[in-house]
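Ligands are counted one by one from 1 in listed order, and the atoms in each one are counted from 1 as well. In this text the structure is predicted, and so the values were computed from the model without any measurement.
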Amino acid sequence: MAEGREPPAMRWWGWGDPAQRPLLTPSALRFLADTVGVAARPRPPVALGKVRLPPATLSEEALAALRALVGVDHVRDDHFERVVHAAGKGYPDLVRLRAGEPQGAPDAVVMPHDNEQLRGLLELCERMSVAVVPFGGGTSVVGGLAPLRGEHRSVIALDTRRMARLLGLDRDSLTVSVQAGMRAPALERQLAPRGLTLGHFPQSFQYVSLGGCAATRSAGQASSGYGSIEKMVLGLRLAAPRGDVELSAVPATAAGPGLRQLLVGSEGALGVIGELSLRLRRAPHERFYDGFFFTDFAAGVEALRSLSQEHAAPEVARLSDEQETRMSLALAGSGGVKGRVGRAYLGARGYGEGCLAVLGFEGASGEVTARRRRALALLRAGGALSVGRSPAHAWLRSRFSGPYLRDELLTQGVMVETLESATQWSNLIRLHRQVGGAISSALSAYGTPALVMCHVSHLYESGASLYFTFLALQRAYDAIGQWQAVKDAASRAIMAGDGTITHHHGIGRDHARWLGPEIGPTGKAALQAVKAELDPANIMNPGKLLT
Ligand SMILES: Cc1cc2nc3c(=O)[nH]c(=O)nc-3n(C[C@H](O)[C@H](O)[C@H](O)COP(=O)(O)OP(=O)(O)OC[C@H]3O[C@@H](n4cnc5c(N)ncnc54)[C@H](O)[C@@H]3O)c2cc1C
């Protein structure tokens with residue numbers, strides 16, 4: 001497991017460790033060329049020096065005031081830092097960055113160290129009419145980090161990287177307090193020797209900050225067992241321009257509506273989360289990761305429903321639809337997949353065009369064995385074919401490498417994007433069909449073949465999440481228009497199909513116009529009233545969440 005390692009600074013134009021070797025094999029590239037097509041010539045990102053940024057607008061006096069507050073070294077307005085903080089890691093962000101044309105940049109990057117500096121900074125920015133974009137790990141995929149300034153003259157990125165201390169560990173209560181800029185791997189590194197874990201492993205795990213996770217209501221890959229971040233946050237401290245909101249860690253409270261839950265998911269629009277108290281679990285003693293096949297997607301969905309409703313759900317559950325299964329087998333086995341995931345084996349048993357599920361059980365020895373045994377009985381009753389450990393272990397090995405592949409596909413001129421939703425079990429198959437259909441139709445308008453695939457993950461007793469991935473040849477001269485057309489079609493289908501516009505990516509800029517339809521005008525006005533109280537000058541992350 002890669003939980004403990006913290007990688008080096010991220011590539012400014014894409015994902016992850018700059019030293020990562022290419023992952024796209026020649027046979028996988030051939031598969032892509034045959035299915036969706038690739039560009040005639042590779043399209044690498046421009047050189048850093050060629051990235052065009054607008055001139056910075058902060059006056060010398062404003063810069064001096066910021067430096068006086070946090071220290072000279074912690075206010076940066078050089079080209080590199082402005083580029084790195086110009087966007088997140090969504091598809092449109094990467095398309096623009098790689099072309100050297102981000103949508104603006106912060107005028108400066110400011111790195112406070114503690115609550116006192118945070119408070120001073122927000123008060124100073126309000127006085128100087130400077131918009132503030134909180135910046136954690138920088139992995140937003142919904143435009144949450146776009147350096148929009150709203151009605152203000154200037155905008156800064158408030159980078160929380162220096163606020164990364166562990167503040168306290170309560171072993172009796174299994175809770176930890178941290179500063180919000182702490183990275184997820186850094187926390188796991190401190191917990192591992194103590195036999196503890198947070199259990200929050202989004203695909204972006206290696207780079208996310210805990211404050212960013214809380215601010216976006218993020219869900220890790222093992223959320224079916226550990227819960228998503230909203231279940232882990234027991235207390236927090238938010239610095240808002242109007243004042244601090246401090247909510248101590250309690251296991252539960254009936255003290256009025258859930259203010260903690262209002263601030264989890266506030267995406268920097270209400271203030272900056274400076275500290276968090278989080279629930280922990282004991283690190284698992286045993287892990288079993290297995291692969292199963294179902295004859296079709298509906299049979300797999302039914303089996304997952306029974307697992308969650310009979311309290312036999314695994315920590316990690318991931319059921320690919322037929323298209324995603326075909327694609328993963330083709331990419332994994334371009335040399336010819338053999339054994340129990342080989343076409344011959346599956347075909348002979350009637351699972352040839354079926355769907356692969358990866359299920360991962362983790363926990364204390366006796367408990368996990370008993371739960372897995374109950375799950376296996378339910379899976380057998382649901383028509384599952386066990387295909388052994390190898391597909392599940394292959395997924396485990398590569399679960400953090402998908403984002404690197406995305407960069408390589410972009411270099412090959414292939415558009416690759418993901419979006420997600422959630423709905424009740426009774427509506428899951430319909431939503432899958434409608435959203436998948438909407439994405440396919442929107443892509444086919446461009447006259448090139450596309451791959452649209454999906455998996456179910458994040459199980460609840462009442463429903464689950466659907467996670468779509470789609471690939472098509474990128475329209476080089478209008479890549480953003482092509483993306484927007486598909487995004488709009490998918491979002492309309494999600495809303496019409498009674499899904500949520502986002503299960504875990506958040507609202508940001510890209511989903512902002514769908515928040516009203518999702519929660520209604522009165523619901524949105526109520527949130528806007530909270531914002532007006534905490535951030536009357538609207539300096540906090542303008543243009544995101546509540547527009
Ligand atoms: C390749 C890839 C895979 C991903 N996989 C997953 C996944 O499996 N599950 C999942 O849930 N998400 C996933 N994401 C999305 C993203 O990683 C999450 O939204 C994550 O929680 C963001 O954390 P961050 O620290 O990077 O926040 P950032 O991207 O820096 O910020 C996200 C938003 O929160 C605000 N913010 C950041 N810190 C604070 C703070 N301290 N106080 C207030 N506001 C703040 C920002 O202004 C921004 O609006 C993925 C993204 C990528 C690129």
Ligand 1-proximal atoms of S209, by part, heavy-atom distance under 4.0 Å: both
Which segment of T216 sits under 4.0 Å of ligand 1 when only heavy atoms are counted: side chain
Has [X] got any heavy atom lying under 4.0 angstrom from an atom of ligand 1?
X	answer
G138	yes
Q221	no
G506	no

Do ligand 1 and [X] have nitrogen or oxygen atoms that lie under 3.5 Å from each other?
X	result
G268	yes
A180	no
T139	yes
L145	no
G137	yes
N541	yes
S204	yes
T160	no
H505	no

For [X], atoms of ligand 1 separated by under 4.0 Å from a heavy atom:
X	value
V141	15 (C), 51 (C), 52 (C), 53 (C)
W15	53 (C)
P403	1 (C)
K89	53 (C)
H504	9 (N), 10 (C), 11 (O), 12 (N)
S218	10 (C), 11 (O), 21 (O)

Between [Y] and [X], is there a side-chain donor-acceptor contact under 3.5 Å, judged purely by atom types and distance?
X	Y	answer
H458	R318	no
E267	N541	no
E420	T502	yes
S465	H504	no
Q179	R237	no
D321	H455	no
T418	Y467	yes
T197	E188	yes

Atom 3 (C) of ligand 1: nearest protein contact (heavy atom, Å): Q203 OE1, 3.3 Å
For atom 47 (O) of ligand 1, the protein heavy atom that lies nearest, with its residue and separation: P134 O, 2.6 Å
Electrostatic pair K487-D510, nearest N-O below 4.0 angstrom: no
Ion pair check, D114 and R119, cut-off under 4.0 Å: no
Least distance between heavy atoms, T469 atom then V416 atom: CG2-CG2, 4.3 Å
Atom of I273, atom of L263 and distance for their closest heavy-atom approach: CD1-O, 4.0 Å
Nearest candidate to atom 43 (C) of ligand 1, where distance is taken over non-hydrogen atoms, out of G265, G271, G211, G508: G271
Of the listed options G144, A219, A146, closest to atom 48 (C) of ligand 1 (non-hydrogen atoms): G144
Enclosure of Q424 CD (heavy-atom neighbours >12, cutoff 6.0 Å): no
NZ or CZ of R399 within 45° of F201 ring axis and under 6.0 Å: yes
